[in-house]
Amino acid sequence: MTQTVAVSARTGSSPATTGRARRMLRAVAVVSCLPYLGLKAAWIAGSRLGIPDGSVLLEHRTAVAVANGVTVLMDACVIVLALVLTGPWGRRLPAWLLAVPVWVATGLLTPIMTGFPVQLLVGAFGGGDTTGDGGEPFLHTWVFAVVYGGFIVQGLALGTLFALYARDRWGHLWQGRVWDQSRAVLGTGAQRTAAVTAAVLAVPPLTAHLLWACGGTLGLDDDLVADRAGGFHVVEAQSALFVAVAVAAALTLAFRRGPALPVAVPLALAWISSAAVACWSGWQAVASLVAAGSAAGRPTPLMNVTYAGGMIVGILVAGLAVRFLVARAAATGRPTA
């Protein structure tokens with residue numbers, strides 16, 4: 001309570017106003033989950049709502065039902081996180097128990113929040129089918145609008161709630177600029193090793209994503225090449241961007257580059273980009289394994305290397321950021337837990 005009052009004093013808002021805004025964001029996050037959860041529940045029950053004839057989803061009903069069950073639990077976690085971030089009991093949770101699921105949510109929602117609007121823009125300017133795979137029908141177009149629109153709202157609401165929560169609980173850890181940080185916090189040998197390792201390991205996935213974004217076909221299955229649409233190139237381009245940003249943020253923190261930058265900038269970029277690279281690569285790897293029974297979407301060796309490399313790079317960058325926060329907490333004498 002004392003922290004909330006102090007933050008409210010700094011921001012010029014009353015505790016009542018702050019609490020009301022957070023309750024509203026919590027409601028938005030919860031309500032935005034309902035269409036997706038309802039649609040998934042209908043599919044698990046056997047409904048074909050939004051699924052056209054000939055969809056690959058009708059070919060593997062058992063696997064699809066299991067996948068739907070898993071994604072229902074994942075989206076339900078958004079509701080749990082919204083409650084944790086706005087309840088007083090949420091402050092008593094260990095830092096890792098909250099940070100890990102929020103990091104995963106960041107990694108899964110950010111590519112959709114940034115990519116789906118661009119896909120729609122590409123489609124509006126004649127980029128063709130940007131939501132399907134360009135081949136066999138997958139889902140009706142309205143399903144993508146409902147699902148991805150809900151994800152975007154979830155990401156905005158949950159992201160804002162976490163930013164407010166993190167500011168209250170850990171805001172002291174990212175004060176100042178990069179050049180203000182002591183050698184005990186930035187530039188240690190372990191951090192530099194992690195940053196350089198991430199940069200080296202990022203070369204294969206970065207190269208592959210750039211190649212595919214520009215229309216290259218190396219390492220892609222023939223059926224996947226034939227079924228590519230505008231959305232494929234958008235996804236690959238932003239995947240390359242996330243890898244590049246993750247490495248740049250890691251090098252900035254480890255080697256104290258951009259000394260005039262506020263520390264919060266490379267930290268925020270490291271958080272978002274590492275999550276997007278690691279979690280989205282992991283999701284693509286799992287999705288490709290599920291789709292391995294069909295010709296389109298079957299992972300090739302280069303695709304597997306790309307996904308594995310992305311996961312490793314993302315985890316390395318996230319670990320470097322965590323190491324910075326732990327060192328900063330030790331330097332200030334205020335724990336992160």
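Everything numeric in this text was worked out from a predicted model, so none of it was measured.
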Do Val31 and Phe162 belong to the same hydrophobic cluster, where Ile, Leu, Val, Met, Phe, Trp and Tyr are linked whenever their side-chain heavy atoms lie under 4.5 Å apart, directly or via other members? no
Is the side chain of Trp212 donor-acceptor paired with the backbone N or O of Leu218 at a distance under 3.5 Å, no angle test? yes
Roughly how far, to the nearest 0.5 Å, is CD of Gln154 from CD1 of Ile112? 9.0 Å
Student check: side-chain heavy atoms of Val277 and Ile315 closer than 4.5 Å: no
Heavy-atom side-chain contact between Leu269 and Pro266 under 4.5 Å: no
Main chain of Val234, side chain of Gln119: is a donor-acceptor contact present, judged purely on distance under 3.5 Å? no
Closest non-hydrogen atom pair between Ala166 and Trp174, with its separation: O-CH2, 3.6 Å
Side chains of Thr306 and His209 in contact at under 4.5 Å (non-hydrogen atoms): yes
Closest approach of Ala105 and Leu81, non-hydrogen atoms and distance? CB-CD1, 4.4 Å
Please name the pair of heavy atoms, one in Trp142 and one in Gly50, separated by the smallest distance, quoted to 0.1 Å. CZ2-CA, 3.6 Å
Expected output: side-chain Ser47 to main-chain Trp43 donor-acceptor under 3.5 Å: no
Test side chain to side chain contact (heavy atoms under 4.5 Å, CB included) applied to Gln175 and Val263, step by step: CA-CA 7 Å; Gln175 300 299 316; Val263 172; over 6 Å; no
Please test Phe232 against Leu220 for side chain to side chain contact (heavy atoms under 4.5 Å, CB included), starting from the C-alpha separation and ending with a verdict. CA-CA 12 Å; Phe232 174 86; Leu220 296 178; 3.9 Å; yes
With no hydrogens and no angle check, is any side-chain donor or acceptor of Ser32 less than 3.5 Å from a backbone partner on Ala29? yes
Ignoring hydrogens and geometry, is there a side-chain-to-backbone donor-acceptor pair from Thr197 to Thr193 under 3.5 Å? yes
Tell me which one of Thr160, Val30, Leu158, Leu156 satisfies side chain to side chain contact (heavy atoms under 4.5 Å, CB included) with Leu25. Thr160
Which residue pairs satisfy the side chain to side chain donor-acceptor pair (under 3.5 Å) criterion with at least one member in residues 274-284, sequence neighbours excluded? Trp103-Ser274
When every non-hydrogen atom of Val28 is compared with those of Ala157, the smallest separation belongs to CG1-CB, 4.1 Å
Under the ring-ring contact (aromatic ring centres under 6.0 Å, His included) criterion, do Tyr36 and Phe151 qualify, and how do the steps go? CA-CA 9 Å; Tyr36 182 78; Phe151 284 161; 4.9 Å; yes
Arg48: partners by salt bridge (Lys or Arg N to Asp or Glu O under 4.0 Å), with sequence neighbours left out: Asp53
Distance from Arg192 atom CZ to Arg256 atom CZ, nearest 0.5 Å? 8.5 Å
If you measure from CG on Leu49 to CD1 on Ile51, what distance do you get to the nearest 0.5 Å? 8.0 Å
Least distance between heavy atoms, Val317 atom then Ala198 atom: CG2-CB, 4.2 Å
Asp75 (side chain) donor-acceptor with Thr71 (main chain) under 3.5 angstrom: no
What closest approach, in Å, do Thr114 and Pro111 show between heavy atoms, and which atom pair accounts for it? OG1-O, 3.4 Å
Looking at residues at least two apart in the chain, or sitting in another chain, which of them share a side chain to side chain donor-acceptor pair (under 3.5 Å) with Thr86? Arg26
According to a hydrophobic-cluster definition based on side-chain heavy atoms being under 4.5 Å apart (Ile, Leu, Val, Met, Phe, Trp, Tyr only), do Val243 and Val305 belong together? no
According to a hydrophobic-cluster definition based on side-chain heavy atoms being under 4.5 Å apart (Ile, Leu, Val, Met, Phe, Trp, Tyr only), do Leu109 and Val70 belong together? yes
Under a single-linkage definition using a 4.5 Å side-chain heavy-atom cutoff for Ile, Leu, Val, Met, Phe, Trp and Tyr, are Val286 and Leu73 assigned to the same hydrophobic cluster? no
Student check: side-chain heavy atoms of Val196 and Phe255 closer than 4.5 Å: yes
Are Ile79 and Leu37 packed together at the side-chain level, in the sense that at least one heavy-atom pair is separated by less than 4.5 angstrom? yes
Does the structure place the NZ or CZ of Arg91 under 6.0 Å from the centre of the six-membered ring of Tyr165, at an angle of no more than 45° from the ring's axis? yes
Nearest-0.5 Å distance that lies between atom CG in Leu206 and atom CG in Leu211: 11.0 Å
Approximate separation, where rounding is to 0.5 Å, of Met113 CE and Thr110 OG1: 6.0 Å
Step by step, would you call Leu85 with Leu98 a side chain to side chain contact (heavy atoms under 4.5 Å, CB included)? CA-CA 9 Å; Leu85 294 172; Leu98 175 62; 3.9 Å; yes
Do Leu39 and Pro35 come within less than 4.5 Å of each other through their side chains, counting heavy atoms only? no
With a 4.5 Å cut-off on side-chain heavy-atom distances among I, L, V, M, F, W and Y, is there a chain of contacts connecting Val153 to Leu164? no
Do Leu120 and Phe116 make a side-chain contact, defined as non-hydrogen atoms from C-beta onward lying under 4.5 Å apart? yes
Check against side chain to side chain contact (heavy atoms under 4.5 Å, CB included), Val84 and Trp89: CA-CA 7 Å; Val84 170; Trp89 53 279; 3.4 Å; yes
Side chain to side chain, Leu108 and Met74, heavy atoms closer than 4.5 Å: yes
Can you tell me how far CH2 of Trp271 sits from OG1 of Thr106, rounded to the nearest 0.5 angstrom? 5.5 Å
